[in-house]
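So you know, we letter chains A, B, ... as the sequences are listed, proteins then strands, and number each from 1. These numbers come from the heavy atoms of this one structure, side chains and all, not from hydrogens, waters or symmetry mates.
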Amino acid sequence: MAEKLTKQSDDYPRWYTEVVQRADLAEHAPVKGSMIIKPYGYGLWEAIQRQLDDMFKATGHQNAYFPLLIPESFMKKEAEHVEGFSPELAVVTHAGGKKLEEPYVIRPTSETIIWDTFRRWIQSHRDLPLLINQWANVMRWEMRTRLFLRTTEFLWQEGHTAHATAEEAQEETLRMLEVYRTFAEDYMAIPVLTGVKTDRERFAGAVNTYCIEALMGDKKALQAGTSHNLGQNFAKAFDVKYQTKEGVAEYVWATSWGVSTRLIGALVMAHGDDAGLILPPRLAPIQAVVVPIFRKDDEKVPVMDACTKLIAELRAAGIRTHLDDRDQRPGWKFAEWELKGVPVRIEMGPKDLAAGEVRVGFRHSGEKQQEKADSLAAKLPAILEAAQQGLFDRAVEFRKANTHRVDSWDEFKERLDAGGFLYAHWDGTTATEEKIQKETKATIRCIPLDDDMEDGKCVFSGEPSKRRVMFAKAY
RNA sequence: CGGGGCGUAGCUCAGCUUGGCAGAGCGCUAGCUUUGGGAGCUAGAAGUCGGAGGUUCAAAUCCUCUCGCCCCGACCA
């Protein structure tokens, strides 16, 4: 703990790895690409889960749980799905000391097992819509992994819904995308761009994939969540039909949507600085930490008494508060809580006690100010909300400063070197998309939803284009 | 799978070229002094030198095989 973090400007990936490990979010597990999520990191995930789960319930969804192991044959029923996922499947071939007749795959996502189940659950139009979510772990065998951003096993939620009409499925797809956008912006304090993926980036088996894209501190893009309109692809693959009021058998329409522990990586990279994490108050496992300061016992006793009283008041006010009474020097504690991104630090020493005050330090701004101890509990909720807003505003400004419209190939390449989001015209072909990636490493992150149509010429091929798309280098 | 690197104390690593008592820093334990921005001193505990085989009086060091990890390229929430 004594050493300083690598600076973001010196080596951003290294900074990320160090922060994640030294802030006690996670560490590497013995199996390549898998991670141990430590209590502080898991606390963050729990905060994310709680809020999202409430939002899912509020939009009519119910939780259920489907199994980890999926018969291999299920994966093969939807052509695009199997093609998309087969390279990253982990397969169980032996169990109970014997070779299995049919191998099981460890779920990379649960569409197949869920649609096999939905076939039995759905008979009538009265069974629709069917709105299911599950919190689960999944496994995708990745070549290159990074804690939270890409691990072979990760935690996520996956929503799976079935609808009577194409329109309802599309509404659901966009409704959940909006839930994700709201969550990212209002709770994670990260502004996100909503859009549609190109054919190339679309989920294997979907008709359309919608996404939220966020800008990280190193000006690279991160896909933070996806919502898919699956059309009737899985209904047809698994023969899921319902009887309409008229008695006609029709295939149902489907969606699926998910966010994962990758969100924690997004949180780290969207807000963190050279001193470590900066957590948004609404999700911070600890919103305020109290650091007592004293020399001898004659100072310790009254200071600790005052801290205990203060903490009781803060907790009564609904603030997640922690008393750091460890046998360490105050300066050491300050540095550690900054590393861990706690929004507010409260210092209480003999001088403060004599004045009936505390010193309050803010992680996101680095500012410190004196506050009356007995009115702090009443003021702190508003202070935390202001910090939440301040973080979001700063992220919005950062994104604005790193978003550009480009109209020529030279400008494209030049701007791309500096990072950020680039809005440019594209001729709509996969061939062009691939050539651009090959030459520049940039990909089309999405076709923005809220952008106006605008005639132009493809920045690469010069062919006509009806609208701009967003390019960026991405994680 | 191709290219590069590394396995020695909990962590980061030195020692290997030229074989000869198993080392340092951080962390940990105990004590004393300290405590408002990452403390100091003293004393300790801590190791199958990734594994197997070989050469040798003697192997962390040389040889052979093997296992694992990290980084860079082709895939991705």
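If you check every strand for non-hydrogen atoms under 4.0 Å, A/Gln223 touches sugar and phosphate atoms only. When heavy atoms are screened at a 4.0 angstrom cut-off, A/Thr17 is found touching no nucleic acid atom at all.
Taking the side chain of A/Glu338 as heavy atoms from C-beta on, and the options B/rA77, B/rU35, B/rG37, the nearest nucleotide is B/rG37.
Per the geometry, CG belonging to A/Asp327 stands 13 Å off C1' belonging to B/rG31, to the nearest Å. In this structure, A/Leu147 places its CG atom 10 Å from P of B/rC70, rounding to the nearest Å. Separating the CD atom of A/Glu18 from the P atom of B/rC11 is a distance of 16 Å, rounded to the nearest angstrom. The CD atom of A/Glu142 sits 14 Å away from the P atom of B/rC71 (whole-angstrom rounding). We find that CD of A/Glu27 is positioned 16 Å from C1' of B/rU12, with the value rounded to whole Å.
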Polar atom pairs (N or O), protein with nucleotides 3-9 of chain B, under 3.5 Å:
none

Show the distances under 3.5 angstrom between N or O atoms of the protein and N or O atoms of nucleotides 39-42 of chain B.
residue, atom, partner, partner atom, Å
B/rA39, OP2, A/Arg329, NE, 2.9
B/rA39, O4', A/Arg329, NE, 3.3
B/rA39, N9, A/Arg329, NH1, 3.3

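The distance between the ring centers of A/Phe203 and A/Tyr210 does not fall below 6.0 angstrom. Taking the six-membered ring for Trp, A/Phe471 and A/Phe412 have ring centres closer than 6.0 Å. A distance below 6.0 Å separates the ring centres of A/Phe56 and A/Trp257.
Around the CD atom of A/Gln62, the shell of radius 6.0 Å holds no more than 12 heavy atoms that belong to other residues, nucleotides or ligands. In this structure, A/Glu439 places its CD atom where more than 12 heavy-atom neighbours from other residues, nucleotides or ligands lie under 6.0 Å away. Summarising the local packing, CZ of A/Arg14 is surrounded by 12 or fewer heavy atoms from other residues, nucleotides or ligands at distances under 6.0 Å. More than 12 heavy atoms of other residues, nucleotides or ligands shown are found within 6.0 angstrom of CZ on A/Arg315. More than 12 heavy atoms of other residues, nucleotides or ligands lie within 6.0 Å of NZ in A/Lys220, so this atom counts as buried by the packing criterion.
You won't find any donor-acceptor pair under 3.5 Å spanning the side chain of A/Glu336 and the base of B/rG38, going by distance alone.
For the side-chain hydrogen bond (donor to acceptor under 3.5 Å, both in side chains) with A/Asp273, the lone residue among A/His364, A/Lys7, A/Arg363 that qualifies is A/Arg363.
Listed by residue number, A/Ile293, A/Phe294, A/Arg295, A/Lys296 are the residues of residues 285-315 of chain A with a heavy-atom contact under 4.0 Å to RNA chain B. For RNA chain B, the residues of residues 260-274 of chain A within the heavy-atom distance limit of 4.0 Å (strictly under) are A/Ser260, A/Arg262, sorted by number. Within residues 340-374 of chain A, the residues that place at least one heavy atom under 4.0 Å from RNA chain B are, in residue-number order, A/Arg345, A/Glu347, A/Gly349, A/Pro350, A/Lys351, A/Asp352, A/Arg359, A/Lys368.
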Go through A/Lys57 and A/Asp53 one step at a time and tell me if the salt bridge (charged side-chain N to carboxylate O under 4.0 Å, His left out) criterion holds. CA-CA 6 Å; A/Lys57 301 278 170 60; A/Asp53 203 60; 2.7 Å; yes

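Under the 3.5 Å distance criterion, with hydrogens and angles disregarded, a donor-acceptor pair is assigned to the side chains of A/Thr161 and A/Thr255. Side-chain atoms of A/His160 and A/Ser256 include no donor-acceptor pair closer than 3.5 Å.
Not counting sequence neighbours, the partners of A/Val207 by the side chain to side chain contact (heavy atoms under 4.5 Å, CB included) test are A/Asn233.
Of the possible donor and acceptor atoms, one in the side chain of A/Arg140 sits under 3.5 Å from a partner among the backbone N and O of A/Pro108.
Between A/Lys351 and A/Glu357 there is no salt bridge, since no side-chain nitrogen of the basic residue lies less than 4.0 Å from a carboxylate oxygen of the acidic one.
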